[in-house]
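Worth knowing before you read on, the calculation uses all heavy atoms, side chains too, and leaves out hydrogens, waters and symmetry mates. Nothing here was measured: the structure is a model prediction, and the numbers come from that model.
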Amino acid sequence: PRQSQGVLTPGGSMANLSALVTARTAKLGERFLDGTLYVSQEVHHSVAKSARFAGFPADAVRVVGTDDALRMRPDLLRTAVREDRAAGRRPFLVVGTAGTINTGAVDPLNDIADVAADEDLWFHVDGAYGGFFQLTDRGRTALAGIERADSITLDPHKGLFLPYGTGALLVRDGAAL
């Protein structure tokens with residue numbers, strides 16, 4: 001949309017950190033230690049590392065189970081969010097993957113976006129590995145739902161074969177960025 005903005009970073013890891021801090025500020029404000037974020041076991045390690053850099057305790061990162069294709073299970077995500085909220089935590093972010101580095105798995109982005117919308121979570125997609133496949137017909141089919149993300153990490157050094165490390169963060173609400 002018109003109000004979207006982006007930044008270039010030294011790589012996808014820094015773009016993920018920037019996304020996490022943007023989501024933290026937008027959803028939690030200055031008091032955030034009870035915030036909780038959700039990832040699958042296949043998400044890039046930079047997300048958990050970013051959470052630590054951003055000041056969250058290790059147990060703030062919840063790992064949601066995956067299906068046989070190593071994709072996050074939205075039903076387990078919804079259950080975890082509701083259980084955490086009932087326990088007094090503040091769920092604020094879910095990170096979906098648009099192609100994992102280890103296996104190429106693509107999370108069911110539309111279904112995760114539904115949970116994020118229902119549960120008032122920031123929806124970030126780590127598309128560092130596969131996000132640029134959105135430029136192809138097959139990629140648009142595989143990445144259906146990425147357009148619903150609040151933020152997206154892209155890594156031109158991977159997806160566009162740039163010879164040097166570069167990351168990009170795109171955010172739907174530029175004011176939040």
task = Could you please spell out the steps behind the side chain to side chain contact (heavy atoms under 4.5 Å, CB included) verdict for His124 and Leu20?
result = CA-CA 8 Å; His124 175 66; Leu20 192 145; over 6 Å; no

inquiry  = Is there a side chain to side chain contact (heavy atoms under 4.5 Å, CB included) between Lys27 and Leu93? Walk through the geometry before answering.
reply    = CA-CA 8 Å; Lys27 291 292 188 179; Leu93 169 67; over 6 Å; no

Which atom pair, heavy atoms only, marks the closest approach of [X] to [Y]?
X: Gly55; Y: Leu33; value: O-CD2, 3.2 Å
X: Ser151; Y: Val171; value: CB-CG2, 4.1 Å
X: Trp122; Y: Ala176; value: CH2-CB, 4.0 Å
X: Gly35; Y: Leu28; value: CA-CD1, 3.7 Å
X: Met72; Y: Val95; value: CE-O, 3.5 Å
X: Val125; Y: Thr97; value: CG1-C, 4.5 Å

Drop me the distance from [X]'s [atom1] to [Y]'s [atom2], to the nearest 0.5 angstrom.
X: Leu177; Y: Ser18; atom1: CG; atom2: OG; result: 7.5 Å
X: Phe32; Y: Arg90; atom1: CZ; atom2: CZ; result: 10.0 Å
X: His44; Y: Ser50; atom1: NE2; atom2: OG; result: 9.5 Å
X: Leu8; Y: Leu154; atom1: CG; atom2: CG; result: 10.5 Å
X: Leu109; Y: Leu143; atom1: CG; atom2: CG; result: 6.5 Å
X: Glu83; Y: Thr36; atom1: CD; atom2: OG1; result: 12.0 Å

Cluster overlap [X] with [Y], hydrophobic side-chain contacts below 4.5 Å:
X: Val81; Y: Phe123; answer: yes
X: Phe56; Y: Val63; answer: yes
X: Phe92; Y: Val61; answer: yes
X: Leu169; Y: Leu160; answer: no
X: Leu121; Y: Val39; answer: no

Expected output: side-chain Thr25 to main-chain Gly29 donor-acceptor under 3.5 Å =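 No.
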
Residues forming a side-chain hydrogen bond (donor to acceptor under 3.5 Å, both in side chains) with His157, sequence neighbours excluded =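 Not a single residue meets the side-chain hydrogen bond (donor to acceptor under 3.5 Å, both in side chains) criterion with His157.
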
task = Using a cut-off of 6.0 Å, state whether more than 12 heavy atoms not belonging to Tyr129 lie near its atom OH.
result =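 At most 12 heavy atoms, drawn from other residues, nucleotides or ligands, come within 6.0 Å of this atom.
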
key: Residue Phe133 excluded, over 12 heavy atoms near CZ under 6.0 Å   =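 At most 12 heavy atoms, drawn from other residues, nucleotides or ligands, come within 6.0 Å of this atom.
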
message = Less than 3.5 Å apart, any donor N or O on the side chain of Asn16 or Ser46 sitting next to an acceptor on the other?
response =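 Yes - a donor-acceptor pair under 3.5 Å links their side chains.
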
Could you tell me whether [X] and [Y] make a salt bridge, using a distance below 4.0 angstrom between a side-chain N and a carboxylate O?
X: Arg73; Y: Asp111; value: no
X: Arg82; Y: Asp118; value: no
X: Asp137; Y: Arg140; value: yes

request  = Please list, chain by chain and in numerical order, all residues satisfying side chain to side chain contact (heavy atoms under 4.5 Å, CB included) with Asn102, sequence neighbours excluded.
outcome  =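 For Asn102, the residues satisfying side chain to side chain contact (heavy atoms under 4.5 Å, CB included) (neighbours in sequence not counted) are Glu42.
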
inquiry  = For a side chain to side chain contact (heavy atoms under 4.5 Å, CB included) check, start with the C-alpha distance between Leu170 and Ser4, then their side-chain angles and the critical distance, and finish with the verdict.
reply    = CA-CA 7 Å; Leu170 305 175; Ser4 62; over 6 Å; no

ask   = Which is it for Met14 and Val7 under the side chain to side chain contact (heavy atoms under 4.5 Å, CB included) test, yes or no, and what are the steps along the way?
value = CA-CA 10 Å; Met14 188 60 74; Val7 294; over 6 Å; no

